[in-house]
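Naming: A, B, ... by sequence-line order, numbering from 1 per chain. Since this is a predicted model, take the numbers as computed values, not measurements.
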Amino acid sequence: MLDKTYDAHAVERRHYERWEQAGVFACNPESNAAPYTIMMPPPNVTGSLHMGHALTFTLQDVLIRYYRMTGRDTLWQPGTDHAGIATQMVVERKLADEGKTRHDLGREAFVDKVWEWREHSGGTIQRQLRHLGASPDWPRERFTMDDGLSRAVTKVFVQLHKQGLMYRDKRLVNWDPKLHTAISDLEVEQRPTDGQMWYFRYPVKDEQDRFVVVGTTRPETMLGDTGVAVHPEDDRYTDLVGKTVILPIVERPIPVVADEYADPEKGSGAVKITPAHDFNDFEVGRRCGLEMINVLDRDARLNENAPAEFQGLDRFEARARIVERMETLGLLEKVEPNPMTVPYGDRSGVVIEPWLTDQWFVDAAELAKEPVKAVEDGRTRFVPAHWANTFFEWMRNIQPWCVSRQIWWGHRIPAWYGPDGTIFVEETEDEAHAGALAHYGEAVALERDTDVLDTWFSSALWPFSTLGWPEQTPELARYYPGDVLVTGFDIIFFWVARMMMMGHHFMGDVPFREVYIHALVRDETGQKMSKSKGNVIDPLDLAGKYGTDALRFTLTAMAAQGRDIKMSESRVQGYRNFATKLWNAARFCEMNNCVGVDGFDPAGVTSTLNRWIVARTADTASRMGAAIEAYRFNDAAQVVYQFTWNTFCDWYLEFAKPVFNGDDAAAKAETRATAAWVLDRILTMLHPIMPFVTEELWEALADSRPHALIVAPWPAYEGLAAPEAEAEMDWLVGLITAIRSVRSEMNVPPAARLSIQVKDASEATRARLQTHRALVGTLARVDDIAHVDAVPGAGSAQIVVDEATVILPLADVIDLDAERARLSRDIAKQDGDIAKLAKKLSNEGFLAKAPAEVVAENRERLSDLEATRDRLKEALARIG
RNA sequence: GGGCGCGUAGCUCAGCGGGAGAGCACUCGCUUCACACGCGAGGGGUCGCUGGUUCAAUCCCAGCCGCGCCCA
C-alpha cells in the first residue's frame with residue numbers, strides 16, 4: 001500500500017541512479033530510429049546551478065524525455081566550457097590567499113593549477129543537473145579544453161587564417177585595465193551614469209584670442225588629442241579647416257579637419273579627436289590621416305607619451321589634475337552635467353578603456369553571411385519568431401570579432417613569430433618551423449604567441465567538435481545538425497550566432513534547425529535575480545522543499561512564450577500539491593484493485609463512462625504532444641494538469657466509486673482495468689515534466705513492468721474518439737453540478753439526501769437518467785428520481801437542463817423569495833444573451849456576409865437560450 | 001534617439017477575428033469510506049485609452065498613455 005503522501009527525497013536519488021546505471025540516457029548511433037539531438041549549452045566549469053539553468057535544463061529535459069518516449073534516438077550532449085577569464089580569476093583568487101600571483105608560478109605551473117582546481121571543484125553543476133533529473137548522455141560529456149576539442153580549435157584557427165578570415169591587426173579594442181586583457185564588445189556592459197561634460201578652449205595658432213571650444217567626458221584623454229574636427233558644412237568654422245590649434249598643456253600643434261562625424265547641433269559643433277582612445281575618433285583619425293598617440297599604459301595610467309608631471313597617474317586622478325590645470329590656464333569654458341553610458345568589464349567591474357593593441361580578429365562579417373541567409377529562408381527558425389529580428393540586426397552590423405585574450409587559461413593561439421616578426425600560423429610547432437625554414441631559407445628561432453582564444457571561440461564549435469570533428473565520425477554524420485537549440489535571448493550573440501557562423505563554414509550546414517528562446521526567470525516582484533540584490537532563489541532549495549518534480553512542473557507551466565517568469569514559491573507549492581493529488585489518485589486505484597490487464601484494448605471498452613475517459617485520455621495525449629512539439633510548454637503542462645485533476649480525479653474516479661461498490665462484476669472489472677490503463681497513461685504523459693513521482697508510481701502500481709517508465713512509449717492512439725459518450729458525460733456532469741449548485745444556494749445540509757422529480761424529459765434523457773442513476777445518487781446526494789407530468793407544489797426549486805426541468809422538493813428548507821430571486825437572475829442573464837444574439841441575427845450584413853455555419857450556430861444558440869429562458873419563466877410562474 | 005516586447009479578474013498569466021478563461025488569493029459550506037498539500041458551491045473583468053478596417057474587434061491597423069528589455 002502506498003503511503004499517504006509522496007516523499008520526494010526518498011525516491012529521487014534512487015530512480016536517478018537506476019536510470020543512469022541502466023544507460024537509458026544514451027543515444028544509439030546504431031539505431032534505425034530517427035535521431036533527435038539537443039546540444040546542451042555548456043555551463044561554465046566554475047558555475048553552480050541557478051534558476052536560469054533550472055529553467056533551460058528542465059525544458060530541454062522535457063523535450064528529450066518526450067522525444068525519447070516517442071521512439072526517437074535522442075542525443076542530449078552534455079558538457080562544460082572552460083570559461084577562460086572567470087576560471088583564471090577563481091584560481092588567481094585562491095593563489096592570492098596564499099600571497100602569490102600567477103607570475104610567481106609561471107605559465108605552465110599556473111595552468112597545471114587550474115586543471116587541478118577543475119579536478120577537485122569542477123563537477124558541481126553536473127551533480128546539480130542530476131538532482132534536477134536531467135537526462136543527458138553523460139558518458140559523452142565534453143569539456144572545451146579536452147584534447148579533441150582543442151584540436152578542433154587549432155584546426156579552425158589555422159584554416160580561417162589560411163582563408164584570410166583570421167588576421168592580426170592593430171586596432172582599438174576594449175581593454176580591461178584590471179584583468180590586463182582585451183575583451184569582446186559583448187563582454188562590455190554599458191552602464192547609465194550621471195557624468196559631466198567639460199568644455200575646453202583650445203587656442204587657434206597665430207590668432208590672438210581666438211579659441212575653439214571642444215567638449216569631453218574624459219578630460220585625461222586630451223593629452224592624446226591629434227586633431228579637432230568640425231562639420232564640413234558648418235559655416236562657423238569654414239575658415240578654420242586646415243588651420244592649427246595648440247593643444248593646451250602639451251603645447252602640441254594639431255590640425256583642424258573637416259569630418260561629418262562632428263555634429264553641428266551638439267555643443268560647440270567642434271569635437272576633439274583622440275584616435276588612440278575612442279572608437280569614433282579612431283575612424284575619424286583614419287579618414288583624416290591623424291596621428292595616433294597612446295597616452296595610457298595597460299593599467300590605464302598615463303604613460304611616457306604624457307607630459308612628465310602626469311606620467312604614472314591613474315586615469316581618474318589625471319582627469320582631476322587636467323581639469324584643474326585647464327582652469328588655472330583660463331581654458332575651462334564650463335562644466336555641465338551629462339547623462340551618459342560608461343563601459344564596464346562584465347567580469348572585472350572596472351571601466352573599460354579603448355586601447356590600441358595588436359590582436360587577432362575574425363572576419364565576422366564574412367562568416368555572418370550564410371547564417372543570415374539560413375534564417376531568411378527558414379533553414380534555421382527562431383521560436384518565438386521575433387528573435388530573428390534581434391539576430392539580423394546584430395549580424396548585419398557585425399564588427400570584427402577580437403578573439404585573443406591576454407590570459408593563460410585557454411587555447412593558446414597557434415601562431416609563431418620569426419625574428420623579424422613574420423607570422424607562421426600552423427597546427428603544430430614543427431609545421432611552423434617548416435614554414436619558417438621555407439621563408440627564411442634557414443632554421444630560425446620562433447616564439448609562440450602568448451595569447452589564448454576567447455572561450456566563445458571554442459564554444460562556437462560545440463555542435464560539431466563534441467561529435468568528434470575534425471574526424472568524420474558516425475556520430476558527426478548522424479547527429480549534426482541538431483534539432484533544436486534551447487537558450488535565453490542573452491546569448492543569441494555570444495553563442496547562437498557564432499555557432500551558426502562556424503557550423504556553416506566548417507560543416508556546410510546549419511548547426512540546428514530551430515532555436516527556442518525562452519524567458520528570463522525573475523523574482524516574485526519581477527526583479528532580475530542578482531547576488532547584489534539578495535533576491536536570488538536557489539532552485540535546489542525549492543526542489544528540496546517541495547520536490548524536484550514540483551519545481552520542474554512550475555518552470556514548465558510558467559514557460560509561456562515571450563514572457564518572463566516571475567518565480568514564486570506559492571506556485572511551486574501548488575504543484576507539489578498536484579504531485580500529492582496524483583499520488584492519492586494512484587493510492588485510490590491501488591485500494592480498489594485497479595491493476596493493469598495484459599492485452600487491455602482501450603477501443604474495446606463498453607460502458608459510456610469508460611469510453612468517455614478513454615477518448616479524453618487519447619485527446620489529452622495528442623494535445624499535449626502537439627504543445628510540446630510547438631514549444632508551448634505552458635499549454636502542455638496545463639492540458640495534462642487539468643485532465644489529471646479536473647477530469648480523472650474530480651469526475652472519473654468519483655463516477656467509478658459507485659461501480660466499485662456495486663455488484664455488476666463485469667462493469668467493475670472493465671472499470672478497474674480502464675482506471676489502471678488511464679492512470680498509466682497519465683504517468684506516461686506527466687513523466688517528461690515530473691520524472692520522479694511518475695517513475696515511482698509506475699514501479700509501485702504493478703508487480704512487474706516490462707520496462708521503466710522513462711522508456712515507455714508515448715500514448716498515441718487513433719480511433720478512440722467517442723463523441724456520444726462525451727456528450728452524455730458532459731450532460732451528466734452538468735446535471736450533477738446544477739443540482740449541487742441549487743443545494744448549496746438553498747443551504748440544503750450537505751448530508752441531506754433528496755428525492756428529485758423530472759418533468760418533460762425526452763426519451764434520450766430518460767435513458768441517460770436510467771443509466772446513470774447511481775452516479776447522480778452518489779454525487780448529487782439524491783435517493784429517488786421520478787418522472788412527473790404534474791405541476792409540483794410551490795415548495796420546490798427547479799432547474800432547467802436542456803429540454804427537461806428537474807424539480808427538487810425542498811418544502812422544509814426552501815426560501816421562496818430566494819428561489820424567486822435565483823430564477824429571476826437566471827432569466828435576466830438568458831435575456832441578456834438573447835438580446836445580443838437577436839441583434840446580431842437581425843443584422844442583414846451579418847446574414848449576408850458571415851459564413852453560413854456561423855449563422856446557423858448562432859441561430860441554434862438563440863433557440864436554445866430562448867427555450868431555456870421560457871422553461872425558467874414557467875418555473876418562476878409555478879412558484880407564483 | 002533606433003529596435004523589440006508587454007498592458008485581460010486582487011495577484012501571476014493563457015487566449016488573439018464570431019459565446020471573456022486558468023492557477024493562486026478571496027467568500028460560504030463540508031471530519032462525504034484516495035487526498036484538508038483535500039471536497040463542494042460562489043463572488044470578481046467598459047480585455048490601457050482614442051480612432052480606423054470589418055457584417056462582426058480583447059484579437060487586425062494607426063496614434064496616444066504607461067511599463068520592461070536590447071542597441072546607440
Separation of atom [atom1] in [X] from atom [atom2] in [N], rounded to whole Å:
X: A:K657; N: B:rC35; atom1: NZ; atom2: C1'; value: 9 Å
X: A:E654; N: B:rC35; atom1: CD; atom2: C1'; value: 10 Å
X: A:M558; N: B:rA22; atom1: CE; atom2: P; value: 18 Å
X: A:E745; N: B:rG42; atom1: CD; atom2: C1'; value: 8 Å
X: A:D650; N: B:rA34; atom1: CG; atom2: C1'; value: 12 Å
X: A:R822; N: B:rA41; atom1: CZ; atom2: C1'; value: 13 Å
X: A:Q638; N: B:rU12; atom1: CD; atom2: P; value: 18 Å
X: A:W387; N: B:rC4; atom1: CH2; atom2: C1'; value: 7 Å

Nearest heavy atom decides the nucleotide; on that basis, is A:N843 or A:R781 closer to the 5' end of RNA chain B?
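Counting from the 5' end, the first nearest nucleotide belongs to A:R781.
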
Using heavy atoms to find the nearest nucleotide of RNA chain B for A:T737 and A:Q573 separately, return the residue whose nucleotide is more 5′.
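Residue closer to the 5' terminus by nearest nucleotide: A:Q573.
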
With rounding to the closest Å, how many angstrom separate the [atom1] atoms on [N] and [M]?
N: B:rU31; M: B:rG17; atom1: P; result: 48 Å
N: B:rC59; M: B:rG3; atom1: P; result: 23 Å
N: B:rC71; M: B:rU46; atom1: P; result: 39 Å
N: B:rC61; M: B:rU54; atom1: P; result: 16 Å
N: B:rA57; M: B:rG66; atom1: P; result: 28 Å
N: B:rU27; M: B:rG10; atom1: P; result: 16 Å
N: B:rC13; M: B:rU32; atom1: C1'; result: 34 Å
N: B:rG29; M: B:rG43; atom1: C1'; result: 15 Å

Can you tell me how far apart [atom1] ([X]) and [atom2] ([Y]) are? Round to the nearest 0.5 Å.
X: A:Y6; Y: A:L697; atom1: OH; atom2: CG; value: 8.0 Å
X: A:L551; Y: A:K545; atom1: CG; atom2: NZ; value: 13.0 Å
X: A:I827; Y: A:T868; atom1: CD1; atom2: OG1; value: 11.0 Å

Within the pair A:S741 and B:rG42, is there a side-chain N or O less than 4.0 Å away from OP1 or OP2?
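For B:rG42, OP1 or OP2 has a side-chain N or O of A:S741 closer than 4.0 Å.
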
Does the side chain of A:K839 get closer than 4.0 angstrom to OP1 or OP2 of B:rA56 through an N or O atom?
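For A:K839, the contact criterion (side-chain N or O under 4.0 Å from OP1 or OP2 of B:rA56) is not met.
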
Determine the minimum heavy-atom distance between A:F846 and A:L841, stating which atoms define it.
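The pair with the smallest heavy-atom distance is CE2-CD2, 3.9 Å.
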
Taking all atoms of both residues into account, what is the closest heavy-atom pair of A:H9 and A:G544, and its distance?
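Nearest pair, atom of A:H9 first, then A:G544: NE2-O, 2.8 Å.
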
Taking the side chain as every heavy atom from C-beta outward, state whether A:I736 and A:W651 have any atom pair closer than 4.5 Å.
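A side-chain contact under 4.5 Å exists here.
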
Need the pair for [N]. Rule: Watson-Crick or G-U wobble, both distances under 3.5 Å, any strand; none if unpaired.
N: B:rC4; answer: B:rG68
N: B:rC47; answer: none
N: B:rC26; answer: B:rG42
N: B:rC16; answer: none
N: B:rU32; answer: none
N: B:rU58; answer: none

Table of protein N/O atoms under 3.5 Å from nucleotides 17-20 of chain B N/O atoms:
unit_1	atom_1	unit_2	atom_2	d
B:rG18	O2'	A:K840	NZ	3.3
B:rG19	OP1	A:R861	NH2	3.4
B:rG19	N3	A:R861	NE	3.1

Report which part of the nucleic acid [X] touches: base, sugar-phosphate, or nothing (heavy-atom distance under 4.0 Å, all strands).
X: A:D635; answer: sugar-phosphate
X: A:R753; answer: nothing
X: A:R740; answer: sugar-phosphate
X: A:C589; answer: nothing

Specify whether [X] and [Y] have parallel, tilted or perpendicular ring planes, treating 30° as the upper limit for parallel and 60° as the lower limit for perpendicular.
X: A:F660; Y: A:F588; value: tilted
X: A:F578; Y: A:W645; value: parallel
X: A:Y631; Y: A:F633; value: tilted

State whether the number of non-hydrogen atoms from other residues, nucleotides or ligands found under 6.0 Å of A:D663 atom CG is greater than 12.
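Open.
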
Between the protein and nucleotides 66-72 of chain B, which nitrogen or oxygen pairs are less than 3.5 angstrom apart?
none

Each nucleotide N or O in nucleotides 23-30 of chain B that has a protein N or O under 3.5 Å away: list the pair and distance.
none

Check this for me, if you would: do [X] and [Y] make a salt bridge, where the nitrogen-to-carboxylate-oxygen distance has to be below 4.0 angstrom?
X: A:E376; Y: A:R381; result: no
X: A:K668; Y: A:D664; result: no
X: A:R861; Y: A:E866; result: no

Kindly determine whether A:Y652 and A:N610 satisfy side chain to side chain donor-acceptor pair (under 3.5 Å), including the steps that lead there.
CA-CA 9 Å; A:Y652 180 77; A:N610 290 330; 2.6 Å; yes

